[in-house]
Every structure is written in C-alpha cells, then in structure tokens.
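Encoded as structure tokens, the structure appears first; notes follow it.
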Amino acid sequence: PGFEDSVARWVPLTRAKAGDRLVIRRLHERAEDNREVLDYLVQQGVVPGTSVRITDVSVVNETVSLERDGSPVVLGFSTARHVFGEPGGH
C-alpha cells in the first residue's frame with residue numbers, strides 16, 4: 001500500500017512493443033520461486049535496474065526478444081509475463 005503511483009507504469013514484457021526501452025523493475029514471485037528461471041534471468045542480466053530495448057514481440061512464437069548492453073536475450077512468454085519493466089530505459 002502506498003506505492004501504487006510508483007508502479008503504475010510498470011508493464012510485463014509481454015505487453016511491450018518492438019523499440020520500447022525499459023528498465024527492469026520487478027521479477028514476479030513466480031519467476032523468483034522457479035530456480036531455473038531465476039538462474040537464467042540472472043545469467044542473462046535481466047534483473048531489476050537493468051536497461052533493455054525490446055527488439056521483437058512474437059505472438060506466433062510466443063517470445064520476447066530484447067537487447068541488454070548490446071547482447072540479445074530471448075524469453076518465452078511464460079517467463080516474460082513475470083518480468084516487469086518501466087518505460088524510459090537508456
């Protein structure tokens with residue numbers, strides 16, 4: 001309670017569009033509770049505070065492609081829906 005205004009702009013990566021720049025703000029508990037998913041996100045650098053650029057959102061393939069520090073990362077919708085970003089990354 002009391003933080004609604006600060007999180008109102010946060011969106012799951014599945015709702016982002018190609019070209020969007022976001023700062024990762026939150027990993028939902030479902031991602032944090034799955035050790036394999038959490039390890040993958042950490043390994044790829046998709047963690048709170050990281051700036052990313054969305055390069056593609058494919059409904060057909062159910063993937064979100066992004067760049068982090070020039071490195072490509074691909075997430076399936078099942079993971080991307082649990083990663084929240086705030087518009088305005090670098």
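Values below: every heavy atom of this structure, side chains too, minus hydrogens, waters and symmetry copies.
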### Task
Would you give the length of the straight line joining atom CZ of R15 to atom CZ of R81, rounded to the nearest 0.5 angstrom?
10.5 Å
### From R35, Q43, E36, residue fulfilling side-chain contact (heavy atoms from CB on, under 4.5 Å) relative to D39
R35
### Message
How long is the straight-line distance from NE2 of H82 back to CG of D33, given to the nearest 0.5 Å?
### Response
10.5 Å
### Message
Using side-chain heavy atoms (C-beta onward) and a distance below 4.5 Å, is N61 in contact with F77?
### Response
no
### Task
Identify the heavy atoms of L22 and A16 that sit nearest to each other, and give their distance.
CD1-CB, 4.0 Å
### Task
Say whether Y40 and V46 are linked into one hydrophobic cluster, either directly or through other cluster members, by side-chain heavy-atom distances under 4.5 angstrom.
yes
### Query
Are R9 and V11 close enough that some pair of their side-chain heavy atoms sits under 4.5 Å apart?
no
#### Entry: Within-4.5 Å side-chain heavy-atom neighbours: L75 and L66
yes
### Query
Listed by chain and number, what are the salt bridge (charged side-chain N to carboxylate O under 4.0 Å, His left out) partners of E62, not counting sequence neighbours?
none
### Query
If every non-hydrogen atom of R68 is compared with every non-hydrogen atom of G45, which pair is closest and at what distance?
CD-O, 3.0 Å
### E29: partners by salt bridge (charged side-chain N to carboxylate O under 4.0 Å, His left out), with sequence neighbours left out
R26
#### Entry: Residue of the set I54, T55, V52, T79 for which side-chain contact (heavy atoms from CB on, under 4.5 Å) holds with V64
I54
### Query
How close do P48 and R25 get, heavy atom to heavy atom, and via which atoms?
CB-O, 3.9 Å
### Message
Could you check whether any side-chain heavy atom of V57 comes within less than 4.5 Å of a side-chain heavy atom of T14, counting everything from C-beta outward?
### Response
no
### Task
Of all the heavy-atom pairs spanning V23 and S51, show the shortest one and how long it is.
CG2-OG, 3.9 Å
### Message
I want to check something: taking the side chain as every heavy atom from C-beta on, are D56 and V74 in contact at a cut-off of under 4.5 Å?
### Response
no
#### Entry: Minimum-distance pair of heavy atoms, taken over all atoms of I24 and V47
CB-O, 3.3 Å
